[in-house]
There are 2 protein chains.
Amino acid sequence: MTETVTAAGTSTGSKSEQAYAAVKARIIDGTYSPGYRLVLAKIAEDLGVSVVPVREAIRRLEAEGLVKFERNVGATVSGIDPTEYLYTMQTLSIVEGAATALSAPLIDSVAIARARAVNEEMRECLHHFDPVRFTQLNQDFHSVLFEHCPNPHILDLVHRGWNRLASLRSSTFRFVPGRAHQSVDEHEALLRLIEIGASADDIEKAARLHRSATLDAYLAAATDHQTPQTAQQ
Amino acid sequence: MTETVTAAGTSTGSKSEQAYAAVKARIIDGTYSPGYRLVLAKIAEDLGVSVVPVREAIRRLEAEGLVKFERNVGATVSGIDPTEYLYTMQTLSIVEGAATALSAPLIDSVAIARARAVNEEMRECLHHFDPVRFTQLNQDFHSVLFEHCPNPHILDLVHRGWNRLASLRSSTFRFVPGRAHQSVDEHEALLRLIEIGASADDIEKAARLHRSATLDAYLAAATDHQTPQTAQQ
DNA sequence: GAGTACGAAATCGTATACGAAAACTATTGC
DNA sequence: GCAATAGTTTTCGTATACGATTTCGTACTC
C-alpha cells in the first residue's frame, strides 16, 4: 500500500512506480505547487517515459487526493481550499486518535524513550527556530508511536493524511511558535499517559485533541491575518 | 470520489469508468469471487474495450482494496483473509462512529422517522428470513444517518469499507439471526440517543459498539465452527 | 467597440503493437 | 520415480499512434 511519506526517486523497477514516486515527491516538496497544471506529455518527457505510466501514476495520486483530475481537461495539483484542509485535519484527528489508542498497549519503554528523545529535539528546534526540522521530527515522533500499530489500514489512512498535508504545507503552512510549544508539551503528556497505562479512551481523546488544537491554531491564525483566503482553483 | 456502493453498468462515458463500474459490480455481486484471476485481455474482450482502460480500472480497484495486484503476474480479487476482515471491521467501527457523531446534530426528525421505518422493515425481514434484503436495508439505514455528514472524506472511508465488506460477504458472510435481532435493537437505541440529543461522545461510542458487536459475533461464529484467529483490538 | 462564431492548437482517451517477465510443460538426467 | 532444466505459452508493461474533446485565438458581425 502507500508506504510512508518518504517518496524517493529510487524506482522499484516499474516505470509507473517511478513516475508515481517522482511526481509525488515534486508535489510534496513544492516543485509542483497547488494549482499547477500537470500535463501528461510534458511529465512523460521530463521523466523519459511514455505517457501511459505517467497517466497511471497521476490517477493513483488522484485516488490519494493529491491531484485533481478532470475528464478531457487534465490534472492539477490539489488546491489549498480551507474547507479541504479542515476535512483532512478532522479525519486525521480521528484516525490518529484511533492509531494511538491501538498502538499504546504495544509501545515498550524503549520506544517511549526514543519518542521522548525526538520530542526533546523538537524543543531544541524551537530555540534555534528550525521549522523544517521541527516538522520532520514531528512526523518522526508520531511514527515511533505508530510503528507497531496493529491495524495497517488505519496506519495507511494516517499516512495518506500526512501526505495530503505535506502537499499543502509547502505553500500555506504557517509555523506558529506558540502552537509549536504547546504541541511539544502535548507530546510529553501523551507519553506520560501511555507510560502509566491510561485507558484507550483517554489516550484516544488526548491524541485527537492534539490534532484538533493544531487545526484551531490554524483557523485562529487565518482569521487574524485576513479573510481566510478562499483559494479555490 | 467514490460514489456509493451502487455501481451500475451505466457509464459516465469514459470507457475506463465503464470498466471500473463493471468489474466492481461483478466483484460485489460475487460473479468474480475472491481469488478469481482477473486477466486484463479477457476482461477487455468481455467489455468490448481495449486493455488500457481495463488496466486503469483494476488499478483503481486495487487502491480501494478490492483487488490485489502483483507486478508482472496479474490481479486477483482480494481474498477473505480473516485478518483482513478484522482490520476492515475495526476501521469501519472507527470511521462509522465518527461519521455518526458528526452527523447526529444535523439529523432532523424527518430523517429519524425514515430511519426508523427502515429499521422496522428490517425487523420484518427477520420474520420472513430475508437476509439479502436485510443487508440492503441495513445499508439504507446507515445511509440515512450519514446523508448529511459534514465531512465527505469520512463518508468516503465508510463507503470504501462497505464495498470491501460487500466483496467478502458474497462468499463468507454468515447471517447470524441472533446477531441480526440485536442489531435492529441497537439501531433503535441509536436513534433514541440522537433524538434526545446525547453527547457526541456517547453517540460515537454507541455507533462503534454496534459495529464491534457484529465483528464479535462473526469471530464467535468462526471460533465455534473451526480455528479462531486472534483478534486483538 | 463588444459579443459571437469559427478554426487551429493543445491535450486527453484509447486502440494497437511489441518486448519482457513469469508460469507452465515436457523432456532429460540421475 | 523424482528433480532440474530448457522451451513454450501466457500475460503483463510500455511505447507509439490516432481520433475525440476542449481550449484559446482571431476574425467577423451587429
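Side chains are part of it too, since the values below use all heavy atoms of this structure and drop only hydrogens, waters and symmetry mates. Proteins get letters first, then strands, A, B, ... in listed order; numbering begins at 1 in each. Note that the structure is a prediction, hence the values are computed from the model and not measured.
The existence of a salt bridge linking B:Arg60 and B:Glu17 is confirmed by a sub-4.0 Å separation between a basic side-chain nitrogen and an acidic carboxylate oxygen. Ion pairing between A:Lys42 and A:Glu45 fails under the 4.0 Å rule for side-chain N and carboxylate O.
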Query raised in the report: What does nucleotides 10-21 of chain D look like as a protein-contact string, B for base, S for sugar-phosphate only, - for none, at under 4.0 angstrom between heavy atoms?
Result: -SSSSBB----S

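Counting non-hydrogen atoms of neighbouring residues, nucleotides and ligands closer than 6.0 angstrom, the CD atom of B:Glu147 exceeds 12 such neighbours.
Contact of the B:Val95 side chain with the B:Arg160 side chain is not registered, since no non-hydrogen atoms from C-beta on lie closer than 4.5 Å.
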Query raised in the report: What do the steps show when you test A:Trp162 against A:Ser143 for side chain to side chain contact (heavy atoms under 4.5 Å, CB included), and what is the final call?
Result: CA-CA 11 Å; A:Trp162 286 357; A:Ser143 292; 3.7 Å; yes

